[in-house]
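Report on the structure given below.
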Number of protein chains: 2
Amino acid sequence: MTVASKTVSDVIHSHLGVLTRAEKQLAESLLDNYPVSGLGSITTIAENAGVSTPTVVRMVQKLGFKGYPDFQAHLHLEVEATISNPIAKHDRWAQNAPGTHILNRFADAIMGNLRQTLTDLDTATFDSVAALLSDRKRGLYFVGGRITGALAEYFFTHMQVIRPATTLLSSNSSSWPQYVLNMNAGDILIIFDIRRYEQEMVSLATAARKRGAEIVVFTDQWGSPAAKLARYAFRVRIEAPSAWDSSVVTLFIVEALIEAVQNSTWDETKERMKTLEGLFEQTRLFRKPG
Amino acid sequence: MTVASKTVSDVIHSHLGVLTRAEKQLAESLLDNYPVSGLGSITTIAENAGVSTPTVVRMVQKLGFKGYPDFQAHLHLEVEATISNPIAKHDRWAQNAPGTHILNRFADAIMGNLRQTLTDLDTATFDSVAALLSDRKRGLYFVGGRITGALAEYFFTHMQVIRPATTLLSSNSSSWPQYVLNMNAGDILIIFDIRRYEQEMVSLATAARKRGAEIVVFTDQWGSPAAKLARYAFRVRIEAPSAWDSSVVTLFIVEALIEAVQNSTWDETKERMKTLEGLFEQTRLFRKPG
DNA sequence: CGTCGACTGAAAATTTCTTTTCATGACAGT
DNA sequence: ACTGTCATGAAAAGAAATTTTCAGTCGACG
C-alpha cells in the first residue's frame with residue numbers, strides 16, 4: 001500500500017470513481033477548502049459533510065489509510081508543507097555538501113532561526129526602533145558583552161557614518177558610569193545581551209533609565225533580564241548545532257536596521273558619506289607620498 | 001476574556017513573562033514551526049515539547065482558553081486564514097511584514113547570498129581551513145578593516161577560548177609590523193577584506209608571507225587583492241538591498257569554522273572552557289563583596 | 001412481487017484524548 | 001534547619017473520539 005508522495009487530494013481524486021453516494025458527498029466537503037476542512041475530529045467533518053462517522057472511516061480506509069488518525073496525519077504533513085516557507089527548501093544548494101557536513105547543519109539551523117525570528121518579530125517594533133534611531137536629536141549608545149561586543153561595534157561603526165552623536169561603550173563595565181553621566185533624556189542605549197547574561201547590564205540599564213534614556217535590547221528567545229527595562233526588545237533565535245550560540249540572525253536584524261535608518265534620512269546621510277569619502281581621500285594623500 | 005482578533009502566537013508572546021519553566025518549554029515548542037506544531041493532540045504536543053499533558057492544559061488555560069480543544073480551535077482558524085490566503089501561502093513567514101518591508105527584502109537577499117555562497121564554496125577548502133586552525137602548533141593572527149574589524153574580533157574572541165596562541169591585530173595599520181615581527185613559519189594570518197579593499201592588507205599579507213605565515217582571506221565575490229597571496233580564500237556573497245554590504249553570510253562561515261575547529265579538538269577545548277568558567281567565577285567572587 | 005446485495009447510520013464497544021487530583025520535589029524566606 | 005509556596009508530572013477519572021457491529025433501507029434484477 002503506497003500513499004506516500006501523493007497528496008491526499010490526489011488520492012481522493014483518483015478514488016472518486018469507486019466512491020459511493022455518501023462518500024462522494026464527504027469527498028466534496030473535504031476538497032472544498034482543502035486541506036483545512038480535514039483538520040477537525042472525525043465527528044466534526046462528518047457533521048460538516050452531513051454523513052455519519054462510520055462513512056468517514058470507511059472512506060479513508062478505502063483510500064488506503066489505516067484509519068482516521070492515519071488519514072489526518074497525512075493531512076497535517078501537507079498543511080505543514082503548504083505553510084512552511086521557501087527558506088526551508090534549501091535542497092538545491094545542499095548538493096555540493098554531503099548531508100552531514102557542518103556547513104549544511106549550520107545552514108539548516110540558521111534558516112530555522114531566521115524564519116522563526118521573522119515570524120515572531122513585530123514589524124511595528126522594528127519600524128519604531130528604526131524611527132527612534134533615525135532621530136538625530138537623540139544620542140546613541142551601544143554596548144555589548146564579551147561575545148556580543150563585536151555586534152555592538154559593527155552596529156556602532158555603521159551608525160557613526162550615518163549620523164552624529166553615536167558612542168560605543170567600552171566592554172569594560174567599570175567605565176560605564178562615565179558614559180551614563182553624559183546621557184540625556186531621550187538618548188537611546190542599545191544593549192546586546194544574549195545568554196550567559198551579564199549582570200552588569202541590568203545595572204547599566206537601570207542607571208540609564210534614571211537619566212531618562214530609552215533602552216533597546218537585542219537578546220535571545222529567553223530574554224535578558226535587561227529586556228524588562230527596555231522600551232523595545234528584539235528576541236532573536238540563536239540556536240546552532242554548536243557549543244556556541246549563533247549571532248548570524250542578530251547581525252541580520254542589525255543590518256536591516258542600519259538600512260532602515262539610512263533610508264529614512266538618506267539626504268542627510270548622503271552628504272555625510274560624501275564628506276567621509278573626502279576625508280578618507282585626504283588621509284590616503286597624506287600617506288602616499290610617505 | 002477576549003482572545004479574539006489576536007493570534008495565538010501573540011497571546012503566547014504576551015504571556016511569556018508569566019510562564020513557568022515547563023510552560024516556556026512548551027511555548028517554545030509550539031512557536032517553533034508555528035502553527036503546525038499545534039495541530040496534533042494534546043498528548044502529541046506534550047511529548048514533542050517534553051512536558052506532561054497537565055502542563056499543556058494549565059498553560060492554555062493561563063493563556064485564556066477554555067481548554068485544549070478551545071485552544072486548538074483557534075489554531076485551526078489561524079491555519080485556515082493562513083492557507084486560504086494565497087499571498088500568505090507563498091510566504092508564511094512574511095505574514096507579519098508587508099511584501100515590501102525591508103525585513104523581507106533583506107531576508108530574500110541573505111537567503112540568496114547564502115545559497116550562492118554555499119554553492120560556490122568547496123567543502124574541501126572549508127575542511128582544510130578548519131584543520132589548519134585546529135593545529136595548535138600554529139599561531140593565529142586575525143585582522144579586519146574598518147567594517148570587517150568586528151568580524152575579526154568575533155572570530156578572535158571565540159578562537160581565544162578554544163585554543164592558545166591567538167592574536168587580534170589592532171585595526172590601526174601602523175602597529176602591524178610589530179605583529180609580523182612575532183610571526184613564525186607556519187603561523188596563520190586570517191584577513192577580512194571586503195570591497196573598498198584596504199591597501200595596507202596587501203602589504204601586510206606580503207610581509208606575513210615572507211615570515212613563512214599561511215594566509216586565509218575572507219573576501220567578497222570580486223576578491224580582495226590580498227586573496228592572491230592567500231593559501232585559502234573564502235569568497236562570500238555580500239549583496240544586500242542597502243547602501244552597505246552584508247556581513248551576515250561571512251559571519252555564518254566564521255561560526256561554522258568555529259564549530260568545526262572546536263569539534264575537532266573537543267577534549268582539549270572542554271578543559272579550556274572549564275578552566276575559563278572557573279576564572280569567570282573567581283572574577284565574580286572578587287566583585288561581589290565590593 | 002420477492003430476493004439479494006450493497007449502502008448507510010444508530011448505537012455499542014473500544015480506544016484515545018482531556019481534565020482533575022494528588023504526591024513529590026525544588027526553592028525562597030524565616 | 002524548618003516551613004510554606006509553587007511547579008511539575010504520575011495516575012485516575014471523565015469526556016470524546018474512533019471503530020465495530022448490526023439492523024434498516026433502497027434499488028437492481030429475476
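Order of the sequence lines fixes the chain letters, A, B, ..., with proteins taken first and strands second; residue numbering starts at 1 for each chain. Every value quoted in this text rests on a predicted model; they were computed, and no experiment measured them. The figures here come from the full heavy-atom set of this structure, side chains too, leaving out hydrogens, waters and symmetry mates.
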What are the atom names and distances for every N/O pair under 3.5 Å that joins the protein to nucleotides 19-22 of chain D?
from   : atom 1 : to      : atom 2 : distance (Å)
D:dT19 : OP1    : A:Tyr68 : N      : 3.1
D:dT19 : OP2    : A:Tyr68 : N      : 3.2

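The side chain to side chain contact (heavy atoms under 4.5 Å, CB included) check on A:Pro177 picks up nothing, with sequence neighbours excluded. For A:Arg209, the side chain to side chain contact (heavy atoms under 4.5 Å, CB included) partners at least two apart in sequence or on another chain are A:Ile215, A:Leu229. For B:Tyr68, the side chain to side chain donor-acceptor pair (under 3.5 Å) criterion is met by B:Gln72, not counting sequence neighbours. Scored by the side chain to side chain donor-acceptor pair (under 3.5 Å) test, A:Ser174 finds A:Asn172 as partners (sequence neighbours excluded). Evaluation of the side chain to side chain donor-acceptor pair (under 3.5 Å) rule for A:Glu153 yields no partner, not counting sequence neighbours. Residues that satisfy the side chain to side chain contact (heavy atoms under 4.5 Å, CB included) test with B:Asn263, not counting sequence neighbours, are B:Glu259. Residues satisfying the side chain to side chain donor-acceptor pair (under 3.5 Å) criterion with A:Ser246, sequence neighbours excluded, are B:Glu255. Scanning for side chain to side chain contact (heavy atoms under 4.5 Å, CB included) contacts around B:Lys66 gives B:Asp70, with sequence neighbours left out.
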Show me, pair by pair, the donor-acceptor contacts under 3.5 angstrom made by side chains of residues 41-53 of chain B, not counting sequence neighbours?
from    : atom 1 : to      : atom 2 : distance (Å)
B:Ser41 : OG     : B:Thr43 : N      : 3.4
B:Ser41 : OG     : B:Thr44 : N      : 3.3
B:Ser41 : OG     : B:Thr44 : OG1    : 2.8
B:Ser52 : OG     : B:Thr55 : OG1    : 3.1

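Nucleotides of DNA chain C lying under 4.0 Å from heavy atoms of chain A occupy a range whose first and last members, 5' to 3', are C:dC7 to C:dA11.
Counting to the nearest Å, the P atom of D:dC6 and the CD atom of B:Glu23 are 14 Å from each other. Remark: P of D:dG9 and CD of B:Glu47 are 13 Å apart, rounded to the nearest angstrom.
If one axis is set at each end of the helix from C:dC1-D:dG30 to C:dT30-D:dA1 from five pairs, those axes are 10° apart, to 10°.
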Discussion item. Checking B:His15 against B:Glu23 for the side chain to side chain contact (heavy atoms under 4.5 Å, CB included) test, could you report, in this order, the C-alpha distance in whole Å, the side-chain angles of both residues, the deciding distance, and whether it holds?
Written reply: CA-CA 10 Å; B:His15 284 73; B:Glu23 287 170 348; over 6 Å; no
